[in-house]
Amino acid sequence: MNGAAPMPASECRRRLLHLARPVLVAMVWSILARIVGLVSGIAMFAVAGWAIGEAADDGAAPPSFWAVIGLLVTMSLVKGVARYAEQFAGHFVAFTALARIRVYFYDALAPQAPAAVEGRSTGDLLARVTKDVDRVEVFFAHTLAPAVTAVVVPVGTVAYMAGAVSPWAAGVLAAAMAFAGLVTPLIGRRSSEEAAGGLRAGRGAIAQHVTDSLQGVREVLAFDYAERR
């Protein structure tokens, strides 16, 4: 563990998905619910724009006010229900995965003890099985579904705009989305990875410091190191 090369991100994602495979059906529901919620939000803007356009057109009968309100309220309710379903399913997968990973960690470590942990930082091990594992929740509950829908929804939106509005408008929208989704993350990728690595190392060091201070409390007090620790 200590001094070992970090696992590539693609391999880490593959292992996480493998460990969580019994509950990934719920993740599919989370993704579908997120798509419904995002499409409902887009549709609300589309309906509002359509209603304003029709009302401004002197040659067309303006849409019914209450019909427009009814559509907006209905889509708002659909969006709210979809948002709840997305969060519920995503967090169900996330916390189930946390439990499975902690069991996996213990099952892999326990048969090798004490040799495998001899000379290891107990605080670092504790940080790995608690804080580091807790971060997996972000992958399942707040990363996987947004990442999938960040591709599906924009592609569908651009395709619809190309057919229903204008291919030129769709091209401009596609270029803007590509810049926001591909170029912008690359700008801060290196600094984000460095900050994340520093954060992990800092958490391990703090956990080790606290563990050493508690386990060696008699020595700390005997040598009058309490204030320094």
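Nearest heavy-atom pair, Phe140 versus Ala97, reported as atom, atom and distance to 0.1 Å: CE1-CB, 3.6 Å. The shortest heavy-atom contact between Val158 and Met177 is CG2-SD, 4.1 Å. Here the closest non-hydrogen pair linking Ala82 and Ala33 is CB-O, 3.3 Å. Here the closest heavy-atom approach between residue Leu98 and residue Glu137 is recorded as CD2-N, 3.8 Å. The minimum heavy-atom distance linking Ser191 with Gly188 is given by the pair OG-O, 3.1 Å. The shortest heavy-atom contact between Val220 and Ser213 is CG2-O, 4.3 Å.
Side chains of Val93 and Phe139 form no contact here, defined as non-hydrogen atoms less than 4.5 Å apart. Within the 4.5 Å cutoff, no side-chain heavy atoms of Val217 are placed close to those of Arg229. By the 4.5 Å heavy-atom criterion applied to side chains, Val36 and Leu32 are not counted as neighbours. Residues Leu17 and Leu144 have side chains in contact (heavy-atom distance under 4.5 Å, counting atoms from C-beta outward). Side-chain contact between Arg21 and Met27: absent, with no pair of heavy atoms (C-beta onward) separated by less than 4.5 Å. Looking at Ser76 and Lys79, their side chains never come closer than 4.5 Å, going by heavy atoms from C-beta outward.
No donor-acceptor pair closer than 3.5 Å links the side chain of Thr149 to the backbone N or O of Ile35. In this structure a side-chain-to-backbone donor-acceptor pair under 3.5 Å is missing from Thr184 to Gly181.
The CG atom of Leu72 lies 11.0 Å from the CG atom of Leu77; values are rounded to the nearest 0.5 Å. Between the NE2 atom of His209 and the CG atom of Leu214 there is a distance of 9.5 Å, given to the nearest 0.5 Å. A distance of 11.0 Å separates CG in Leu24 from OG in Ser30, rounded to the nearest 0.5 Å. Separation of atoms CG (Leu173) and OG (Ser166) is listed at 11.0 Å; rounding is to 0.5 Å.
In this structure, Asp224 places its CG atom where only 12 or fewer heavy-atom neighbours from other residues, nucleotides or ligands lie under 6.0 Å away.
Residue Thr157 is tested with Ile42, Val152, Val39 for a side chain to side chain contact (heavy atoms under 4.5 Å, CB included); the sole match is Ile42. For the side chain to side chain contact (heavy atoms under 4.5 Å, CB included) with Val47, the qualifying choice from Val68, Ile52, Thr74 is Val68, the only one to do so.
No chain of hydrophobic side-chain contacts below 4.5 Å, direct or via other Ile, Leu, Val, Met, Phe, Trp or Tyr residues, connects Met75 to Leu38. Taken together through direct or relayed side-chain contacts under 4.5 Å among Ile, Leu, Val, Met, Phe, Trp and Tyr, Val151 and Leu182 form parts of separate hydrophobic clusters.
Using a 4.0 Å cut-off between charged nitrogen and carboxylate oxygen, Glu86 and Arg83 count as a salt-bridge pair.
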